[in-house]
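Here's the structure, in structure tokens; my notes come after.
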Amino acid sequence: MTDLLLVAVVLTNFVLLGSSRLAACIRVAAAQGILVGVMPLILYHDAVSVRTALIAAAGITLKGIVFPWLFFRALRDVDVTREVEPFVGYTVSILIGVGAVAGSFWLGSRLVVPRPVPSAFVIPVAFSVIFIGLFLIVSRKTAISQALGYLVMENGIFAFGVSLALEEPFLVELGVLLDVFAATFLMGIMVFHISREFDHIDVGRLASLKDWTTRRYKS
Amino acid sequence: MIRGAALACALLFAPLLIGTINQTKAFFAGRRGPPLLQPYFDLWKLLRKGAVYSRTTTWVFRAGPIVGLAATIGAAALVPLGGLPAALAFEGDLLVAAGLLALARFFTVIAALDTGSAFEGMGASREVQFSALAEPALFLAFAALARATGALSLTEIYGRISVAAWMQSGPSFALVAAALGVVFLTENARIPVDDPNTHLELTMIHEVMVLDHGGPDFGFVQYGAALKMWVLGSLLVGILIPVRSGRWWLDGAAALEGMFWVAVGVGIVESVMARLRLLRVPQMLVGAGALCVLAIVLGMK
């Protein structure tokens with residue numbers, strides 16, 4: 001059961017890497033958030049306490065419902081449906097994703113864990129989600145996709161924390177989730193303002209300093 | 001005696017797969033469709049026709065269908081049908097089977113190029129491009145299976161995929177089956193990679209390579225295509241139907257029913273999906289390869 005969950009998480013990674021439709025990417029990231037949120041319940045299925053259930057519920061609600069809602073609202077304001085061609089093409093992205101999974105499995109085998117983990121795969125899969133989230137931030141051109149990459153990275157950090165450090169103080173976990181919530185909310189507002197000012201959210205073009213005053217002098 | 005059963009099933013029932021696919025598509029379209037045994041009638045008709053050979057072609061053109069069919073029959077002799085063992089089995093025969101399929105494809109491609117027509121050249125180029133991506137996926141799938149079952153011969157590998165093996169490495173087998181499904185659709189030129197019914201330049205890949213063959217040559221090409229579909233289908237069925245009771249008639253019946261459902265599945269996929277944009281097919285194949293890598297990594301506990 002744990003293995004199936006982890007395989008599903010890695011598959012959502014690959015779908016995120018290969019998909020160009022922004023709405024589909026947001027839904028897949030939401031599905032990944034729900035899978036990661038369910039992870040505390042499945043990893044510790046023999047010792048489910050109120051705390052575990054609360055963390056799982058908070059994770060599922062925030063990652064599965066609130067964050068996608070914020071993203072769809074930003075998407076509607078900006079009126080962009082498809083990703084512009086990213087810096088790294090989709091096929092190469094999938095190959096790099098495979099490399100990231102292989103690298104994180106190697107990394108996970110080298111890591112010395114202080115206490116036994118429920119499954120040998122959780123840490124490598126968490127690492128792979130973090131790496132792929134980071135790769136999404138770096139390689140995508142649309143600002144919304146970059147914000148989505150940040151969200152995916154946070155999914156990976158949550159998964160890593162759940163597998164190793166479930167006994168960490170509740171406040172720390174809530175603090176992390178609140179931080180991500182605020183960041184997503186602010187990113188939505190920023191993307192809207194970028195789009196309104198520049199008429200696009202292609203970050204490759206944001207570096208050009210030309211604006212309407214310069215254009216007026218071209219005859 | 002049992003060793004020949006898998007090969008005999010392949011040789012006898014391969015055109016029935018095509019008939020089943022066509023019947024499924026007709027059912028979805030609300031038509032009556034051609035009879036189930038129509039491919040056999042077509043083969044019989046083609047074998048009795050004469051052939052016309054263009055003056056621009058050489059012996060390569062005549063050799064293409066013959067070598068293709070011979071290589072495919074060789075591959076069919078190596079691939080087991082679920083629990084039924086293959087006619088030939090030795091260590092490393094998975095490489096030989098993949099190599100024989102590649103030989104068949106190579107001769108089809110050079111026979112297409114031998115005609116000197118740009119149309120066939122375009123089909124050959126597309127076919128080779130897609131198989132350059134599908135072959136690694138096939139080999140990675142074989143590697144994942146060999147790793148999961150600990151054997152190096154196709155008969156041994158498929159003999160060990162029982163229900164107990166599924167309990168132990170279920171996710172690996174499921175990922176390999178998904179990847180082999182994609183490879184199956186690509187190598188047999190079905191939707192979403194190629195439309196077997198179309199004759200428009202935009203969408204032809206396999207059809208266009210064999211456009212100039214006629215008579216018995218075309219019969220060999222059709223039969224070879226059906227046999228290739230049976231070979232790749234039995235690779236898929238062997239994973240999906242883990243019935244290994246030891247009784248040959250039970251395993252054989254389960255595998256044949258699995259092949260039937262594979263054909264129905266292909267017919268359903270062809271009826272509900274459109275062909276993918278040609279740009280998307282490499283991504284799909286790389287995705288299949290990624291699934292196999294994931295299956296290998298999962299097996300390395």
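We name chains A, B, ... by the order of the sequence lines, and we start the count at 1 in each one.
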Task: Beyond-backbone contact of S20(A) with Q283(B), side-chain heavy atoms, under 4.5 angstrom - done: no

Task: Min side-chain heavy-atom separation V10(A)-L298(B) under 4.5 Å - done: no

Task: Pairwise side-chain contact, V293(B) with V101(A), heavy-atom cut-off 4.5 Å (strictly under) - done: no

Open item on the list: To check you understand the geometry: which heavy-atom pair defines the closest contact between V98(A) and A290(B), and what is its length?
Closed with: CG2-CB, 3.2 Å

Open item on the list: Heavy-atom cut-off 4.5 Å, strictly under: side chain, backbone, both or neither for V286(B) against chain A?
Closed with: both

Task: Heavy-atom check, side chain of L175(B) versus side chain of L11(A), under 4.5 Å - done: yes

Open item on the list: Surrounding CZ of F72(A) (heavy atoms of other residues, nucleotides or ligands, distance under 6.0 Å), is the total greater than 12?
Closed with: yes

Task: Nearest atoms (heavy-atom pairs only) where T91(A) meets P282(B) - done: CG2-O, 4.4 Å

TODO: Could you tell me the separation between the CG atom of L294(B) and the CZ atom of F105(A), rounded to the nearest 0.5 Å?
DONE: 7.0 Å

Task: L291(B) portion near chain A, given a 4.5 angstrom heavy-atom threshold - done: side chain

- [ ] Name the region of I296(B), side chain, backbone, both or neither, that has any atom closer than 4.5 Å to a heavy atom of chain A.
- [x] neither

